[in-house]
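For reference, the structure is listed below as structure tokens.
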Amino acid sequence: MRQDAHNSGDASAAPCAGLRIGDMAPDFSARSTTGDVRLSDYRGRWLVLFSHPADFTPVCTTEFVALMALSVDSLFSHFAWLRMIRDRFDVEVRFPILEDPTLVIGRGYGMVAPGDSDSGAVRSTFFIDPEGVIRAMTCYPANVGRSTPEMLRMLDALQAVDKDASLAPANWQPGEALLGQPQADLDSVFAAQGETDWFLGKAGAGARR
């Protein structure tokens, strides 16, 4: 398997734990259930990259809804698992599931600590924009499944605020009003009709892209 967790192509340089929002997502290539995959090939579109502790575990089996998944299990274990999901739940998982038996990608993304021997500790999710920039991250413990609606809401919110240069408030849903950017000069603050209008003003409704 070809894997590199840095744009330089030097797999020995991983781990690079400590990725933050606004960082470029480290490039890599790996075998997957849909063929060879390189992260940079997804430039120009939004991507949700997430890890799961292992195949054939009950919580992981209920989670799948995203675009690219990662696990230390082998490619053929992934195939067997996807066959079981199809036979059991009548759902065909067609997005790529990557194998990462050497933990190079997991360590490169900080999903696995440098001294860990497996990826079973956490469920990490990275929301990557069309420019390859990490825009949001979540991390769940292995014994708690992710919220599919919240993952979709996060992606919708990121796309909406990019489109309108606005802000998504707590619990925002597609179609609801966004917030405008706060005023940054004193005249605008004093001229606002309401005492909170200068920093809590409504913008247009944000829609799913």
Side-chain angles (χ1 to χ4, degrees), residues 1-11 13-52 63-71 75 78 82 91-100 103-112 119 123-140 146-168 172-176 178-179 181 203-209:
M1 177 174 64
R2 301 181 309 281
Q3 298 174 316
D4 77 84
H6 291 275
N7 290 329
S8 67
D10 180 9
C16 62
L19 288 173
R20 297 179 295 180
I21 292 173
D23 287 347
M24 290 295 296
D27 200 9
F28 60 78
S29 62
R31 293 199 309 174
S32 84
T33 52
T34 62
D36 290 349
V37 168
R38 177 171 284 277
L39 186 77
S40 54
D41 291 342
Y42 286 77
R43 295 285 173 83
R45 71 186 95 168
W46 285 86
L47 176 69
V48 179
L49 170 66
F50 68 95
S51 66
H52 65 276
E63 281 189 324
F64 275 105
V65 292
L67 297 178
M68 186 184 292
L70 172 73
S71 167
L75 181 63
H78 291 339
L82 297 188
V91 173
E92 291 190 359
V93 177
R94 291 287 183 175
F95 59 82
I97 304 176
L98 314 179
E99 65 170 2
D100 187 27
L103 302 177
V104 170
I105 301 172
R107 289 190 176 119
Y109 274 76
M111 301 172 178
V112 183
S119 65
R123 303 173 185 278
S124 301
T125 306
F126 295 83
F127 297 81
I128 302 170
D129 73 13
E131 303 301 317
V133 176
I134 297 172
R135 298 292 301 280
M137 300 180 290
T138 65
C139 186
Y140 284 66
R146 280 165 280 223
S147 168
T148 298
E150 176 56 20
M151 290 174 68
L152 297 175
R153 192 192 79 90
M154 175 74 78
L155 185 59
D156 287 333
L158 289 170
Q159 293 176 338
V161 298
D162 271 10
K163 180 181 178 182
D164 300 317
S166 51
L167 308 171
W172 176 87
Q173 295 294 333
E176 296 178 351
L178 295 163
L179 298 177
Q181 296 286 346
R208 180 176 282 117
R209 294 177 64 184

Taking the side chain as every heavy atom from C-beta outward, state whether T125 and M151 have any atom pair closer than 4.5 Å.
-> yes

Please confirm whether the backbone N or O of L178 pairs with a side-chain atom of S166, one donor and one acceptor, at under 3.5 Å?
-> no

Is there side-chain contact between Q173 and R153, with heavy atoms separated by less than 4.5 Å?
-> yes

At their closest point, which heavy atom of A25 faces which heavy atom of I128, and how far apart are they?
-> CB-CD1, 3.7 Å

Do side-chain atoms of D156 reach the backbone of P174 as a donor and acceptor pair under 3.5 angstrom?
-> no

Check: D100 side chain, G106 main-chain N or O, donor-acceptor pair, under 3.5 Å = yes

Rounded to the nearest 0.5 angstrom, the CD1-OG distance for I105 and S51 is 11.0 Å

Do you know the tightest heavy-atom contact between L19 and P26?
-> CD1-CD, 3.8 Å

Closest heavy-atom pair, P96 versus T34, reported as atoms and distance to 0.1 Å, is CB-OG1, 3.3 Å

Might you point out which heavy atoms bring F126 and Y109 nearest each other, and give the distance in Å?
-> CZ-O, 3.3 Å

Write down the atom of M24, the atom of V133, and the distance for their closest heavy-atom approach.
-> SD-CG2, 3.6 Å

Would you say F127 and M137 make side-chain contact, with heavy atoms under 4.5 Å?
-> no

Between E150 (side chain) and S147 (backbone), is there a donor-acceptor pair under 3.5 Å?
-> no

Check: R146/T138 side-chain N/O donor and acceptor closer than 3.5 Å | no

Side-chain touch L167/W172, heavy atoms, less than 4.5 angstrom | no

Is the shortest heavy-atom distance from the side chain of S124 to the side chain of F50 under 4.5 Å?
-> no

Is any side-chain heavy atom of D27 closer than 4.5 Å to a side-chain heavy atom of S40?
-> yes

Q159 backbone acceptor or donor facing D162 side chain under 3.5 Å | no

Shortest non-hydrogen separation from V37 to L98 and the atoms involved | CB-CD2, 4.0 Å

Here the gap from L47 atom CG to Y42 atom OH, rounded to the nearest 0.5 Å, amounts to 7.0 Å

